[in-house]
Amino acid sequence: MISGPYRSGSSDPAVWAQNLEAMNKAAFQVFQKGHVPVIGVNGALPIIKIAGEQHYDSLMMPISMALADRCDAVWRIGGPSKGADEEMNLFIRKGLPVYRDVNSIPMESTHS
């Protein structure tokens with residue numbers, strides 16, 4: 001999983017887009033290392049779009065955390081974020097790897 005700030009500290013949709021782009025770029029780097037990357041925001045946003053923005057708070061973290069619960073490791077990127085820290089802490093509690101740098105992520109021989 002790629003975990004980083006999305007809306008944290010900003011009410012500017014342009015900043016949100018930049019944050020999501022940073023997570024998507026990180027996901028591509030993870031894919032290049034042979035892993036299948038997951039971003040909770042990418043799982044939640046299409047559902048929020050259909051449900052309506054008023055459901056953002058009730059959908060974003062539950063969907064993101066459900067995805068995180070099914071992942072083997074997390075790469076925590078970016079700055080402060082309560083949600084990203086929540087995701088990362090799930091991995092810590094489960095004793096799973098938390099990476100802070102793409103170079104720490106091991107190469108895999110195949111995509112699964």
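This is a predicted model, so every value here is computed, not measured. As a basis for the values below, the full set of heavy atoms in this structure was taken, side chains included, without hydrogen atoms, waters or symmetry mates.
- Phe91 places a side-chain heavy atom less than 4.5 Å from the side chain of Met1.
- With hydrogens and angles ignored, the 3.5 Å screen pairs no side-chain donor or acceptor of Ser10 with any backbone N or O of Arg7.
- Taking 4.5 Å as the limit, some side-chain heavy atom of Ile105 sits within range of a side-chain heavy atom of Trp75.
- The local environment of CG in Asp69 is crowded, with over 12 non-hydrogen atoms from other residues, nucleotides or ligands closer than 6.0 Å.
- Hydrophobic clustering of Ile, Leu, Val, Met, Phe, Trp and Tyr side chains at less than 4.5 Å, counting indirect connections, keeps Val15 apart from Leu20.
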Compile the donor-acceptor pairs under 3.5 Å between side chains in residues 76-86 and protein atoms, sequence neighbours left out, one pair per line.
unit_1: Arg76; atom_1: NE; unit_2: Asp85; atom_2: OD1; d: 3.2
unit_1: Arg76; atom_1: NH1; unit_2: Gly79; atom_2: O; d: 3.1
unit_1: Arg76; atom_1: NH2; unit_2: Gly79; atom_2: O; d: 2.9
unit_1: Arg76; atom_1: NH2; unit_2: Asp85; atom_2: OD1; d: 3.0
unit_1: Ser81; atom_1: OG; unit_2: Ser8; atom_2: OG; d: 3.2
unit_1: Ser81; atom_1: OG; unit_2: Ala84; atom_2: N; d: 3.0

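- With values rounded to the nearest 0.5 angstrom, Ile92 atom CD1 is found 10.5 Å from Leu96 atom CG.
- One finds the CE atom of Met60 at 4.0 Å from the CD1 atom of Ile48 (value rounded to the nearest 0.5 Å).
- For Lys94, the NZ atom is densely surrounded, since the number of other residues' heavy atoms within 6.0 Å is greater than 12.
- A distance of 9.5 Å separates CG in Leu59 from CD in Gln54, rounded to the nearest 0.5 Å.
- Residue Gln32 holds its CD atom at 9.0 Å from CE of Met107, rounded to the nearest 0.5 Å.
- In plain terms, the two heavy atoms of Ala27 and Pro37 that are nearest each other are O-CG, 3.2 Å.
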Between Val38 and Ile2, is the side chain to side chain contact (heavy atoms under 4.5 Å, CB included) condition met? List the steps. CA-CA 6 Å; Val38 172; Ile2 311 302; over 6 Å; no

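- How far CZ of Arg93 is from CE of Met88: 10.5 Å, rounded to the nearest 0.5 Å.
- The aromatic rings of Tyr6 and Tyr56 sit parallel to each other, their planes meeting at less than 30°, with 60° as the upper class boundary.
- Of the possible polar contacts, one joining the His35 side chain to the Pro106 backbone as a donor-acceptor pair under 3.5 Å is found.
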Run Lys33 and Val102 through side chain to side chain contact (heavy atoms under 4.5 Å, CB included) and show every step you take. CA-CA 9 Å; Lys33 288 190 159 257; Val102 71; 3.9 Å; yes

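- Separation of atoms OG (Ser3) and CG (Leu67) is listed at 11.5 Å; rounding is to 0.5 Å.
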